There are 2 protein chains.
Amino acid sequence: MVTIADVAQAAGVSISTVSYVMSGKRTISQDTKERVERAIDALEYRPHASARSLASRSTNVIGLQAPLRSGVDVHVVMEIVAGIVREARMHQYDILLLTSDDAEGLHRATRASMVDALLLMDVESDDPRIATLRELATPSVLVGLPRGAEELTCVDFDFEAAGRMAAERLIALGHRRVALLGSPREVIDRHTSYAERLSRGFLAACAEHDVPATVHQCPTTHESVRVLNAVLAEHPDVTGLFIHNEGALAHIAARAATIDGLEAIALCPSDIARTVPTLVDSIDLPAEGLGSAATQAIIALLAGESTPKVRLLPAVLASSRGASEPERAEVAGR
Amino acid sequence: MVTIADVAQAAGVSISTVSYVMSGKRTISQDTKERVERAIDALEYRPHASARSLASRSTNVIGLQAPLRSGVDVHVVMEIVAGIVREARMHQYDILLLTSDDAEGLHRATRASMVDALLLMDVESDDPRIATLRELATPSVLVGLPRGAEELTCVDFDFEAAGRMAAERLIALGHRRVALLGSPREVIDRHTSYAERLSRGFLAACAEHDVPATVHQCPTTHESVRVLNAVLAEHPDVTGLFIHNEGALAHIAARAATIDGLEAIALCPSDIARTVPTLVDSIDLPAEGLGSAATQAIIALLAGESTPKVRLLPAVLASSRGASEPERAEVAGR
DNA sequence: GTGAAAGCGCTAACAG
DNA sequence: CTGTTAGCGCTTTCAC
């Protein structure tokens with residue numbers, strides 16, 4: 001194994017000089033700097049992560065609790081994680097994958113100094129992990145927007161604005177009764193915050209326009225078609241649909257396309273929307289961007305910068321009907 | 001921060017005694033052992049991971065390169081990862097998520113002593129990372145079965161047996177011309193080893209029974225229905241389908257159910273199969289089990305136990321037609 | 001501008 | 001059965 005001592009010897013300098021060349025924490029003459037860098041390259045030296053973290057009291061690792069549970073939209077989760085990992089690497093951070101949903105894992109990782117910070121996904125409205133975070137006092141960011149998290153930093157997509165936007169778009173298209181076909185039962189029962197915010201925004205906008213609207217749970221499978229059928233049976237005047245359920249999307253959209261006068265909008269990543277040509281419009285769910293944004297927030301926290309407590313990525317309408325410029329919802333604060 | 005010295009002081013023993021109580025590497029009197037354990041609990045002591053790994057020269061972390069790329073079956077990938085994380089935790093290991101597909105990441109993680117071992121998913125037939133692994137000489141396990149990996153440990157599902165099994169089942173059901181609707185183009189082009197093995201087994205079994213068979217790429221979307229239509233247009237006598245494409249599965253199965261005489265079998269996780277009631281049978285893809293098995297292999301390697309170079313999880317037919325006992329393919333070696 | 005040396009918290013000889 | 005101590009490889013004072 002190549003150590004800093006080997007590099008120092010090869011470059012004819014002291015150990016501390018090598019360390020300072022790497023950290024840039026003091027001025028080094030051009031000459032020695034180059035000698036050291038050459039030695040580092042020649043020996044393919046990589047500082048021992050544990051030794052570094054023991055001495056510096058920081059690991060450059062972020063702990064991530066990602067949901068591997070049922071009902072979640074796996075595609076979206078994967079994209080968010082991809083965004084997190086990519087952004088983290090850009091800032092020299094690595095990601096430690098913690099098993100989801102246990103406060104114990106958070107304890108372990110932080111108390112054992114395995115991580116500098118925590119990133120939690122799939123946060124519920126009243127998530128027990130929030131109490132744990134408070135007591136741990138480790139820098140942390142939630143991907144989501146739980147209720148009682150005033151002092152925690154949250155990053156999420158603006159689901160409420162997306163709900164409003166979808167409603168307004170459907171109404172603008174002339175629909176006079178609309179329905180939101182949303183997340184599956186597990187997600188609703190768990191009080192996952194995004195589902196609640198989406199339907200709140202949707203219903204509020206419909207109410208403002210005096211357009212009757214309903215919200216429905218959907219399984220993530222072909223079964224979702226039955227939900228659509230039931231909705232139409234009960235309210236034959238529904239002509240506008242807003243779909244937020246990736247597993248159900250293709251099935252519902254396909255079925256809807258066979259019914260005259262029915263139009264559907266979806267909330268999903270844009271690459272998914274592209275595979276469902278019968279959609280009128282879609283609202284982009286910027287999953288990877290969410291991951292990047294959350295990681296940026298964590299890194300800002302770690303750098304001691306002041307960050308907004310809540311950052312919501314704006315909803316953007318990706319109109320299939322050739323809108324020249326995408327509409328934007330303003331960033332919301334709290 | 002609570003250190004081992006704090007625990008030692010609280011228990012009235014030396015720090016080495018505390019260390020040995022934790023590791024069990026020497027016999028300790030019942031009395032001191034209990035005092036130490038009480039102190040550990042009372043102080044909620046967790047050994048500093050970096051200090052421990054610096055002294056012991058092992059991190060208890062496994063590096064994982066999971067694919068976040070396109071064409072992969074996200075659901076399956078998530079389940080495999082879930083299996084890996086769960087099994088790793090059972091053995092006191094954590095998972096460091098490396099960005100996929102770069103040999104550089106493997107170098108970084110190992111040279112910096114961040115991980116004890118590596119786990120690679122989504123391996124291609126001629127994967128460039130294999131050369132890197134060889135030169136790194138870090139214990140590693142591949143989830144997959146590339147061509148030139150004689151000295152590497154591989155764990156995978158027995159796709160070839162699954163292909164044979166599907167063919168034989170369709171033939172037993174009376175079908176005299178069959179088709180495999182498989183992975184999307186990206187996966188095929190990348191020479192992902194599982195796709196090749198699956199179709200090899202399928203075609204071989206069909207040839208042995210003199211049943212004509214064809215293999216087709218499928219997009220992971222609704223578009224896959226067009227592939228089915230094209231197949232039927234070209235070979236109207238196709239009556240048996242074997243589907244291995246999670247995104248396409250529901251669409252193809254739904255379409256197939258509308259065509260008289262057509263029967264379909266799928267290869268997918270059993271919970272997915274359950275959502276597609278029109279399948280005749282399905283072969284279970286034990287994704288989570290694959291993750292566990294791969295992790296077990298890694299842990300065996302790290303423990304210096306001798307492990308088989310190749311372990312293939314057997315294909316199991318989950319007949320929807322009330323087979324009393326699932327058929328099993330024998331474990332293959334190499 | 002550069003070095004020497006004192007830790008960081010732990011493990012594992014070595015010494016009883 | 002238990003304690004003392006020399007590192008593990010690095011960062012960061014302190015000294016020049």
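In what follows, chains carry the letters A, B, and so on, assigned in the order in which the sequence lines appear, proteins first and then strands, with residues in each chain numbered from 1. Just so you know, these numbers use all the heavy atoms, side chains as well, and skip hydrogens, waters and symmetry mates. None of the values given here were measured: they were computed from a predicted structure.
At distances below 3.5 Å, not a single donor-acceptor pair connects side-chain atoms of A/Arg311 with backbone N or O atoms of A/Val155. When atom types are taken as modelled, the side chain of A/Asp116 and the backbone of A/Asn60 share a donor-acceptor pair closer than 3.5 angstrom. For A/Ser292 (side chain) and A/Glu288 (main-chain N/O), a donor-acceptor pair under 3.5 Å exists by modelled atom type.
The CD1-P distance, from A/Ile40 to D/dC10, rounds to 10 Å in whole Å. C/dA4 atom P lies 14 Å from atom CD1 of A/Ile4, rounded to whole Å. Residue B/His48 contributes atom NE2, which lies 15 Å from atom C1' of C/dT11 at whole-angstrom precision. Between the P atom of C/dG7 and the CG atom of B/Leu54 lies a distance of 17 Å, rounded to the nearest Å. In this structure, A/Gln9 atom CD and D/dG9 atom C1' are separated by 15 Å, rounded to whole Å. Atom CG in A/Asp6 sits about 13 Å away from atom C1' in D/dC10, given to the nearest Å. Rounded to a whole Å, the CG atom of B/Asn60 is 13 Å from the C1' atom of C/dT11.
Surrounding CD of A/Glu186 are more than 12 heavy atoms belonging to other residues, nucleotides or ligands, all under 6.0 Å away. Surrounding CD of B/Gln296 are more than 12 heavy atoms belonging to other residues, nucleotides or ligands, all under 6.0 Å away.
Taking 4.0 angstrom as the limit, A/Ser29 places a side-chain polar atom (N or O) nearer than this to OP1 or OP2 of C/dT2. For D/dT2, one of the phosphate oxygens OP1 or OP2 lies less than 4.0 angstrom from a side-chain nitrogen or oxygen of B/Thr32. Look at A/Thr3 and you won't find any side-chain N or O under 4.0 angstrom from OP1 or OP2 of D/dG9. Here A/Arg57 reaches the OP1 or OP2 of C/dG9: one of its side-chain N or O atoms lies under 4.0 Å away.
The 5' end of DNA chain D is approached more closely, in terms of each residue's nearest nucleotide, by B/Lys33 than by the other of B/Lys33 and A/Pro47.
Across C/dT11, D/dC10, C/dG9, the shortest atom-to-atom separation from the side chain of B/Arg52 is found for C/dT11. Picking from C/dG9, C/dA4, D/dT4 the nucleotide with the shortest atom distance to the side chain of A/Ser14 gives C/dA4.
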Between protein and nucleotides 12-16 of chain D, what N or O pairs are separated by less than 3.5 Å?
residue : atom : partner : partner atom : Å
D/dT12  : OP2  : A/Lys25 : NZ           : 3.1

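Side-chain contact between B/Val72 and B/Arg190 is present, with at least one heavy-atom pair separated by less than 4.5 Å.
The OG atom of A/Ser140 sits 11.0 Å away from the CZ atom of A/Arg129 when rounded to the nearest 0.5 Å.
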